[in-house]
Amino acid sequence: MSRTRKNILIRAAALAPFLLCAFMLVKPMTAKAWTWYKPWTWPVLEDAYYFVKDIFVDPEEGCKPDDELMVRVMVEGDKDSKEFLSQTAIGWNYAVAKALTGKKVQVKLESNWNARTERMRTQYPSPVEGGSGSDRAWLVLHQYDMGADMRYKDIPYMNSSSKDYVDAFKDGGIYVPKGCNITVDLNGHRIWRRAEGEHIDDGEVFHVAEGATLTIVDSDPKHKWDGKPYTGGVIAGGSSNNGGGGLHIKNGATVYIERGTFYENSSSSEGGAINIDGKNAKLFIDGTKFLNNSASDALIERNYGGAIHCDGASMEIRNSTFKSNMADNSGGAIYNELGAFTLRNCTFESNETKYEGGALYMYALNGYPRMLLEDNTFEKNKSTLSSAGAIYCDCRRAEVDIVRTKIKDNFSSNKGGGICVFGKGIMICDSEITQNTAGNYGAGIYVDSDGNLNLAGKVNITGNKLANGKKNNVCLKKGYSSTAYINNGGMLEGSKIGVHSDKDKLEKDGIMLVENISEFAAKRYFEADDSSNKLDFTGVKEETGFYAASMIGGESFTLIILIVVAAVMIITVIVLYKLRRKGAADE
């Protein structure tokens, strides 16, 4: 081996452990669980458009102008037809048929796509009502249908003699079958299921099957709608009795959403706008609005997630707004259970639930993926009958970080006007929790006796009151065998935290503040909400606590990783030293 090659190999080997160490330390600290998806773009198309005259609808059968819909379908790498312009239902069938052959397909709305709200008749060869071969049979489209299936050979420009049917509509909804990769550009238009809150079987607007990929974008987000509280493209009017009024994502599917609005979708079970099933599903959302969606039904108890319900999937949401969503049970806007969850730069306003989590409900167990809430605002959210006006966090030693977040003017009828905490894995850093109200305990934050509250940076938890007007900022519950406490993860000058207990008077015992906090920090940053109570510093240690979960992971796991990295680096240096000496001797 030449000396130059040998030097290159030696330098690469020396650099490898340092890169590994940097990756392991930097990646968790930045908490970027996913690389943000950038939808693929279409190349400039040189071919002329195919303007296809729609021959499948009889205008004498009562088609209204709103039903004369058009879409442009673009197929990547297809030499025969790169663009196809047709009635929406036919265009979607064409898109799915092409996607099933492995093509990447984009569907761009040229006008609104409304479900038919009266019985209409579409003519093409169909097994329904006896249609076969080249005969034309009349297919009755039932109320709320977005379209109907048809044979490959009956779709213009398919160039196929196949008699198989295109599985492009699932019980009247828009269906993305397994293996398809389709982008839908709302282009400022509306897709309206028009189910009117009737909670019908599979009443969602979109259904994404296992192994499918759907991207929803909006290339005209400034399009104005008269008298509506939104602009741009809209997905509206879905109403399902089995989860996900607007979008149902099955296990193993992947969905990307950039811009657009989910408006007045509903479910009688889980996820008024979006329901995600299974730990292998993935959802990425950026710049999207969720308005007036609901999960509500007096006969069903699992009405979780007024806007989004997530069961074990991976979910990242950025730059989005959740307003006036409602769930009968828990999670007025979002219900996240056992899933990796990142929420950045989002606003939650006027969302409501009867029970836990007026805006957000999070549940996780020890060892489950991290949840990160960063640069968000929660305001005017409500829990009308129970706990947590804004955020309900039941995370048993799972890692939950709330960073640079404002929680203001939220309400709970019982406890936790701003936040309810169960478990020991939550960190609040550089955040402000003020002017929240609770009926009984913890107008700012309620911490259950089996939990603790980790604080870092500049934290302000003041100005929160009970319904009777008394100050009650952070309420630390004293249980039979355990007591809630606060851990100092590195608070900074300017922090102010009011502390209380679920006991009315504690002249004898005082309020046990923390373990692992300096007496200076305790006296500098904390004050008793009730002057008749005192702060107990007898268990305070002269040291600053460290919250490992907020930066890398659990203490034991982190220690093991650092030891392994150090050992690899030492061994590498020794091997390189011996190789260099041997090379010098050989030369």
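In this chain, numbering begins with 1 at the start of the sequence shown.
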Would you check, one step at a time, whether the test side chain to side chain contact (heavy atoms under 4.5 Å, CB included) holds for Asn376 with Thr347?
CA-CA 6 Å; Asn376 302 294; Thr347 298; over 6 Å; no
Check your understanding: Is any side-chain heavy atom of Val184 less than 4.5 Å from a side-chain heavy atom of Ile174?
Key -> no
By side-chain hydrogen bond (donor to acceptor under 3.5 Å, both in side chains), Asp375 pairs with (sequence neighbours left out) Arg404
Taking it one step at a time, do Asp448 and Lys477 satisfy side chain to side chain contact (heavy atoms under 4.5 Å, CB included)?
CA-CA 5 Å; Asp448 196 66; Lys477 180 177 176 59; 3.4 Å; yes
Residues Gly243 and Ser269: closest non-hydrogen pair is N-OG, 3.0 Å
**Study point:** Thr261 side chain to Val234 backbone, donor-acceptor under 3.5 Å
**Key:** no
Given the options Val400, Val403, Asp401, Met427 meets side-chain contact (heavy atoms from CB on, under 4.5 Å) only with Asp401
- Ignoring hydrogens and geometry, is there a side-chain-to-backbone donor-acceptor pair from Asn473 to Gly463 under 3.5 Å? yes
CG of Leu291 to OH of Tyr230, rounded to nearest 0.5 Å, is 9.0 Å
* Polar side-chain atom of Asp218 near backbone of Gly233 as donor-acceptor pair, under 3.5 Å -> yes
Does the side chain of Ser239 pick up a donor-acceptor pair with the side chain of Ser266 at under 3.5 Å? yes
Across all chains, not counting sequence neighbours, the side-chain hydrogen bond (donor to acceptor under 3.5 Å, both in side chains) partners of Asn292 are none
By side-chain hydrogen bond (donor to acceptor under 3.5 Å, both in side chains), Asp311 pairs with (sequence neighbours left out) none
Taken to the nearest 0.5 Å, the spacing of Asn487 CG from Asn452 CG works out to 6.5 Å
Which atom pairs, one a donor and one an acceptor, fall under 3.5 Å between side chains of residues 331-339 and the rest of the protein, sequence neighbours left out?
unit_1 : atom_1 : unit_2 : atom_2 : d
Tyr335 : OH     : Glu337 : OE1    : 3.4
Asn336 : ND2    : Gly339 : O      : 3.2

* Just by modelled atom types, is the Gly417 backbone N or O under 3.5 Å from a matching donor or acceptor in the Asn410 side chain? -> no
Salt bridge (Lys or Arg N to Asp or Glu O under 4.0 Å) filter on Glu270, not counting sequence neighbours, yields Arg302
Note: Val421 and Gly423 closest approach over all heavy atoms is CG1-O, 3.9 Å
Closest heavy-atom pair, Ala313 versus Ala281, reported as atoms and distance to 0.1 Å, is CB-O, 3.3 Å
When every non-hydrogen atom of Ser413 is compared with those of Leu385, the smallest separation belongs to OG-C, 3.0 Å
By salt bridge (Lys or Arg N to Asp or Glu O under 4.0 Å), Asp430 pairs with (sequence neighbours left out) none
Separation between CZ (Arg318) and CD (Glu258), nearest 0.5 Å, reads 10.5 Å
Evaluation steps, side chain to side chain contact (heavy atoms under 4.5 Å, CB included), between Phe262 and Ile274
CA-CA 9 Å; Phe262 284 78; Ile274 299 176; 4.2 Å; yes
Applying side chain to side chain contact (heavy atoms under 4.5 Å, CB included) to Ser240 and not counting sequence neighbours gives Glu204, Asn242
For the backbone of Leu492 and the side chain of Ser495, can you confirm whether one donor and one acceptor N or O come within less than 3.5 Å of each other? yes
Value for OG (Ser296) from CG (Asn303), rounded to nearest 0.5 Å, stands at 6.0 Å
Are Arg344 and Glu374 within salt-bridge range, i.e. N to O under 4.0 Å? yes
The side chain to side chain contact (heavy atoms under 4.5 Å, CB included) partners of Ser431 (sequence neighbours excluded) come to Ile402, Thr405, Ile428
In this structure, NZ of Lys382 is separated from CG of Asn351 (nearest 0.5 Å) by 11.5 Å
(request) Would you indicate whether Lys465, at its atom NZ, is surrounded by more than 12 heavy atoms from other residues, nucleotides or ligands within a distance under 6.0 Å? (result) no
Hits for salt bridge (Lys or Arg N to Asp or Glu O under 4.0 Å) against Arg524, two or more places apart or cross-chain, chain-then-number order -> Glu493
Taken in chain and number order and not counting sequence neighbours, the residues that satisfy salt bridge (Lys or Arg N to Asp or Glu O under 4.0 Å) with Lys250 are Asp277
For Thr254, the side chain to side chain contact (heavy atoms under 4.5 Å, CB included) test, sequence neighbours excluded, returns Thr213, Tyr256, Lys282, Phe284
In Ser330, Cys420, Ser412, Ser383, the residue satisfying side-chain contact (heavy atoms from CB on, under 4.5 Å) with Tyr392 is Cys420
| Do Leu453 and Tyr485 pass the side chain to side chain contact (heavy atoms under 4.5 Å, CB included) test, and can you show the C-alpha distance, the side-chain angles, and the key distance before you say yes or no? | CA-CA 6 Å; Leu453 182 62; Tyr485 64 89; over 6 Å; no
Note to self: Can a donor-acceptor pair be found, under 3.5 Å and without considering hydrogens, that links the side chain of Ser267 to the backbone of Gly245?
What the structure shows: no
- prompt: Would you call the rings of Tyr446 and Phe422 parallel, tilted or perpendicular, where under 30° means parallel and over 60° means perpendicular?
  reply: tilted
inquiry  = Would the distance check show the side chain of Asn464 and the main-chain N or O of Gln435 forming a donor-acceptor pair, the cut-off being under 3.5 Å?
reply    = yes
**Prompt:** Heavy-atom count around Lys415 NZ within 6.0 Å, excluding the residue itself: above 12?
**Reply:** yes
Practice task
Answer with yes or no whether the side chains of Ser219 and Asp185 bring together a donor and an acceptor at under 3.5 Å.
Solution key: yes
Main-chain N/O of Ala273 paired to Asn293 side chain as donor or acceptor, under 3.5 Å | no
Check: Leu372 main-chain N/O paired with Thr342 side-chain donor or acceptor under 3.5 Å
no
Closest non-hydrogen atoms of Lys458 and Gly494, given as atom of the first, atom of the second and distance, are CE-O, 3.8 Å
Review point. Judged by modelled atom types alone, do Asn472 and Asp529 share a side-chain donor-acceptor pair under 3.5 Å?
Key: no
Q.
Can you tell me how the ring of Tyr175 sits relative to the ring of His207, calling it parallel under 30°, perpendicular over 60° and tilted otherwise?
A. tilted
For Thr462, the side-chain hydrogen bond (donor to acceptor under 3.5 Å, both in side chains) test, sequence neighbours excluded, returns Asn460
Between the CG atom in Asn381 and the OG atom in Ser350, the distance rounded to the nearest 0.5 Å is 6.5 Å
In short, Asp328 meets Tyr355 closest at the heavy-atom pair O-CD1, 3.4 Å
| message | Determine whether a donor-acceptor pair (N or O, by modelled atom type, separation under 3.5 Å) exists between the side chain of Asn454 and the backbone of Ile426. | response | yes
